[in-house]
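What follows is a set of notes on a single structure, which appears directly below.
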Amino acid sequence: MVASCASGGELLWAMIRGGFYSAAFLAAMVALGLTTPLWALAAFPAVLLVGFAFGGLGMALSTLLRSWQDFDYVNVAQFGLFLFSGTFAPPSGYPLAARVLVEATPLYHGVALVCGLCTGSPQWGLVWHAVYLGALAAGGLWLASRRLGKLLLA
């Protein structure tokens, strides 16, 4: 119970901060004419979902770290996700094996979801991206809750 309350507060604070940052980026996109105000409003819950999914995943992964040096592995993984998220080059340009790997990563799903909403081209495939991110959040929070409960009771 204590573990879930503490992790919930940490995640809530991260979501509040992420919400402010995301609102600022969406406002800048509207000001620069990159999206319309209505599509930016539609994208705001999506960016919160992306943050929630990565928050849950990050909490679960943080329970598996043995020391502060393990954060180097986290940085390497984040860099890989950043480079191969579909932001800079579409996954269709990669060989089939690499494309399947890229399309399995959580940041790819976040980029595809937010990009689809910000460009005003919603498709049914965006629902799959949202379900993937929701499942990632739920799985990460479930694992974090179990691990924190065991670590605090041990």
Side-chain angles (χ1 to χ4, degrees), residues 3-65 71 73-148:
S4 115
C5 185
S7 61
E10 181 71 25
L11 187 57
L12 178 64
W13 175 240
M15 293 301 301
I16 290 170
R17 284 183 46 206
F20 281 124
Y21 296 143
S22 298
F25 274 99
L26 289 170
M29 289 175 66
V30 169
L32 293 171
L34 299 173
T35 190
T36 64
L38 290 177
W39 284 116
L41 284 175
F44 187 70
V47 297
L48 291 179
L49 176 62
V50 173
F52 190 62
F54 274 92
L57 179 64
M59 288 183 70
L61 290 176
S62 69
T63 65
L64 300 172
L65 301 179
F71 280 106
Y73 299 123
V74 173
N75 288 334
V76 168
Q78 282 180 332
F79 189 66
L81 286 175
F82 173 67
L83 288 179
F84 301 107
S85 63
T87 303
F88 304 110
S92 59
Y94 297 123
L96 181 61
R99 187 173 114 200
V100 169
L101 182 65
V102 166
E103 290 178 352
T105 62
L107 191 55
Y108 165 77
H109 290 278
V111 167
L113 177 62
V114 174
C115 185
L117 290 171
C118 284
T119 58
S121 56
Q123 302 167 356
W124 284 108
L126 298 181
V127 174
W128 160 245
H129 297 303
V131 167
Y132 176 97
L133 292 167
L136 181 68
L141 291 175
W142 175 81
L143 180 62
S145 177
R146 287 185 49 93
R147 294 269 309 153
L148 283 173

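Note that the structure is predicted; figures quoted are calculated from it, not measured.
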Minimal heavy-atom distance between Leu113 and Leu126, with the atoms involved, is CD1-O, 3.6 Å

Residues passing the ring pair (Phe, Tyr, Trp, His ring centres under 6.0 Å) test with Tyr21, sequence neighbours excluded, are none

Measure the shortest side-chain to side-chain distance between Phe52 and Leu141 over non-hydrogen atoms and say whether it is less than 4.5 angstrom. yes

Problem set entry | Test item: Leu34 and Cys118 side chains (from C-beta on) under 4.5 Å apart, heavy atoms | no

On a heavy-atom basis, the closest approach of Ala53 and Leu133 is CB-O, 3.3 Å

For Arg99 and Ser92 the tightest heavy-atom approach is CD-CA, 3.8 Å

Heavy-atom donor-acceptor pair, Thr63 side chain to Ala60 backbone, under 3.5 Å:
yes

Checklist line | Check: Phe82 and Gln78 side chains under 4.5 Å, non-hydrogen atoms | finding: no

Looking only at heavy atoms, the pair that brings Ala40 and Val30 closest together is CB-CG2, 3.6 Å

On a heavy-atom basis, the closest approach of Leu83 and Phe88 is O-CD1, 3.9 Å

dist Thr105:OG1 -> Leu81:CG (nearest 0.5 Å) comes out at 5.5 Å

Scanning both residues in full, the closest heavy-atom pair of Met15 with Gly51 reads SD-C, 3.6 Å

By side-chain contact (heavy atoms from CB on, under 4.5 Å), Phe44 pairs with (sequence neighbours left out) Ser22, Ala23, Leu26, Val47, Leu48

Rounded to the nearest 0.5 Å, the CG atom of Leu143 sits from the CG atom of Leu148 at a distance of 9.0 Å

CE (Met59) and CG (Leu11) are apart, to the nearest 0.5 Å, by 6.0 Å

Side chain proximity check, Trp39 to Leu117, heavy atoms < 4.5 angstrom: yes

When you look at OH of Tyr94, are more than 12 heavy atoms from neighbouring residues, nucleotides or ligands closer to it than 6.0 Å? yes

So the side-chain hydrogen bond (donor to acceptor under 3.5 Å, both in side chains) pairs with at least one residue in residues 113-136 (sequence neighbours excluded) are His109-His129, Thr119-Ser121

dist Leu61:CG -> Phe54:CZ (nearest 0.5 Å) comes out at 10.5 Å

